[in-house]
Amino acid sequence: MTTRAAVPPKKVLIIGSGIGGLSTAIILAELGFDVTVLEKNHHPGGVMRSYTRDGIECGVGVHYLGSLDKGQILRTFFDYLGVTEAIPLTRMGGNGIIDRYIFTSPASRLPHFDLPPGMDAYEENLIRAFPAEQEKIARIMDPVRQAAKQLHALDFLSTPDDNFTLLDHYDPFGAVLSNLGCSAELRNVLSVPSSWLGVPLDDCPAYYHNMALASYVSSSWRLERNGAHMADVFAERLVALGGKIITDAEVSRIEVDSRVVKGLHLQSGEKLPAELVIGAVHPKIVLQMLSAPDVKPSYRKRISTLQDTHGIFSVHVSIDAESHREIPHNIFKIETSQRGGISDLKYYQIRRSEKKGRNLLSILTSGMDALWAPWEGTRSGRRGREYLEAKERYAAELVEEAAQMFGALKGAKVIDASTPLTMRDWVNSPGGSAYGVLRSSSQMLATALLNRTAVKGLYLAGQNVMAPGIIGTIMGSFSTVKLILGPDEFKNLVRL
Ligand SMILES: Cc1cc2nc3c(=O)[nH]c(=O)nc-3n(C[C@H](O)[C@H](O)[C@H](O)COP(=O)(O)OP(=O)(O)OC[C@H]3O[C@@H](n4cnc5c(N)ncnc54)[C@H](O)[C@@H]3O)c2cc1C
């Protein structure tokens with residue numbers, strides 16, 4: 001349910017039109033704020049937005065979505081934001097599988113594991129695969145069930161921001177599994193959800209692991225259309241509420257006077273005044289927009305030394321649709337270390353495409369930063385032939401590896417490949433990081449309360465303030481609005 005507000009209209013400028021910027025903008029526009037979103041690129045959406053190659057929509061940052069059943073967290077968000085009806089979805093798991101993990105290490109005794117929809121089904125699959133570890137599995141599942149309850153009940157909005165009673169949930173999940181004495185094989189299976197957040201198992205707070213797992217096991221969905229459509233739905237909803245989006249508008253500087261925000265400067269030289277500014281971009285990018293006296297050296301140091309998640313290399317391959325039908329689940333090919341834990345992971349999805357007779361195979365894997373290091377000083381579109389050839393070579397290797405999994409890929413044509421440098425330049429993600437700030441146990445204190453700054457009127461939103469993923473990013477949007485309004489006003493005005 002949404003509530004139109006009694007708050008006086010305030011001019012808000014939001015930097016960045018990813019899902020973080022757009023969802024924050026919609027919440028504020030619903031409340032009567034005068035909202036303008038500024039986006040450096042030609043289209044809104046950030047990494048949520050897909051792009052067209054060879055007549056086919058290539059997804060970037062939305063392969064599947066969790067928790068869209070009625071009463072579940074993302075559905076509650078979508079309903080509030082007014083986008084549910086306009087985003088058609090396909091429920092995953094009709095065949096009992098959302099994700100299939102395929103373990104390829106020679107030492108692996110478990111060839112594959114299926115993540116099904118539903119908490120009980122997931123626990124049953126674990127017990128079937130590891131019958132000797134039933135008790136340990138029960139102890140692992142209790143907090144996952146708890147996390148699901150807390151997620152869907154939107155507890156993150158009612159607990160005080162500085163509630164550190166959850167501290168033990170921030171113990172690394174790897175340590176939790178070691179303390180339980182879990183086998184290496186069980187550890188391997190349980191390593192996958194932390195990889196969705198870009199955090200290694202041994203440094204992934206148990207709470208984040210449980211939340212990520214719970215969000216997809218609760219229910220999983222694919223977009224029936226594509227990420228560009230989803231981005232347009234969010235953008236149109238904002239415009240319908242009176243908000244504005246200005247594209248091709250790169251913000252270069254945030255104007256601050258005596259630690260109070262005054263507005264923004266664009267690369268074009270234009271100056272826009274505002275009482276409220278929200279940086280829905282990486283905090284390091286916001287920091288670059290502030291002058292030295294605007295923030296304390298301690299804040300500058302904390303933000304500039306934050307460790308980020310790794311980048312991703314992705315390949316989109318057009319394949320013959322007759323020979324390679326859509327696969328209704330995701331496939332993870334996993335190499336593991338002896339101790340248990342992922343040493344290499346490839347993600348595959350085969351989906352129907354907009355082009356007759358063609359389907360789309362998408363492959364995602366780690367960014368392989370060292371491969372692209374020679375071009376670090378270059379910009380997108382100007383990296384030269386050798387870079388393009390290096391990309392082609394690596395893409396071809398990945399296609400060959402995929403053929404071992406799916407059989408000879410009939411009519412395969414690589415239609416696009418992107419490196420972490422692509423991501424870095426496209427959405428201003430530091431170092432090409434895929435999921436932004438690393439939500440690790442070791443960085444827990446440095447990453448707390450990232451949506452507030454010491455500058456009056458300046459806030460942060462986006463995947464970096466709470467957690468990555470569409471759910472985590474929208475959670476961040478609500479928590480930033482709560483910070484702006486204050487908890488009591490938020491409770492009165494925002495009825496989720
Ligand atoms: C490869 C990949 C796969 C993923 N798969 C999934 C998935 O299947 N499911 C899921 O839930 N999540 C997934 N995610 C995560 C999810 O997509 C992200 O967490 C989320 O979209 C991030 O949104 P954001 O708004 O924080 O950032 P972004 O989308 O990066 O938005 C930031 C925006 O700010 C703009 N910007 C930057 N600097 C400026 C400036 N100076 N001036 C103006 N504009 C600026 C950028 O151009 C961009 O549009 C995936 C992410 C990646 C990278």
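Just so you know, these numbers come straight off a predicted model, no measurement behind them. Counting starts at 1 for both ligands and their atoms, in listed order. Numbers for residues simply follow the sequence, beginning at 1.
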Under a plain distance cut-off of 3.5 Å, with no hydrogens placed, do [Y] and [X] share a side-chain donor-acceptor pair?
| X | Y | value |
| --- | --- | --- |
| S195 | Y347 | no |
| S314 | S418 | yes |
| R383 | S380 | yes |
| S218 | H152 | yes |

Looking only at heavy atoms, is any part of [X] under 4.0 Å from ligand 1, and if so is it the side chain, the backbone, or both, or is it neither?
| X | result |
| --- | --- |
| I471 | neither |
| V47 | both |
| A249 | backbone |

Checking a contact table here: which protein heavy atom is nearest [atom], and how many Å away?
| atom | value |
| --- | --- |
| atom 41 (N) of ligand 1 | V251 O, 3.0 Å |
| atom 16 (C) of ligand 1 | G61 O, 3.7 Å |
| atom 9 (N) of ligand 1 | Y64 O, 2.8 Å |

Review point. Can you check whether E39 has an N/O within less than 3.5 Å of an N/O in ligand 1?
Key: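 For ligand 1, there is an N or O atom that lies under 3.5 Å from one belonging to E39.
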Point to revise | Under 3.5 Å: N/O of I15 near N/O of ligand 1 | key: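 Among all N and O atoms of I15, none is under 3.5 Å from an N or O of ligand 1.
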Check your understanding: Under 4.0 Å between a Lys/Arg side-chain N and an Asp/Glu carboxylate O for K244 and D34?
Key ->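 Yes, charged N to carboxylate O under 4.0 Å.
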Check your understanding: Ion pair present between D257 and K262, side-chain N to carboxylate O less than 4.0 angstrom?
Key ->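 Salt bridge between D257 and K262, a charged N being under 4.0 Å from a carboxylate O: no.
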Point to revise | Flag if over 12 foreign heavy atoms under 6.0 Å of CZ, R225 | key: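 12 or below, so no.
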Review point. If you count the atoms of ligand 1 from 1 in the order shown, which ones are under 4.0 Å from a heavy atom of M423?
Key: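 Selected atoms, number and element: 53 (C).
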Review point. Of all the atoms in ligand 1, which lie at a distance below 4.0 Å from a heavy atom belonging to N428?
Key: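 Result: 37 (C), 38 (N), 39 (C), 41 (N).
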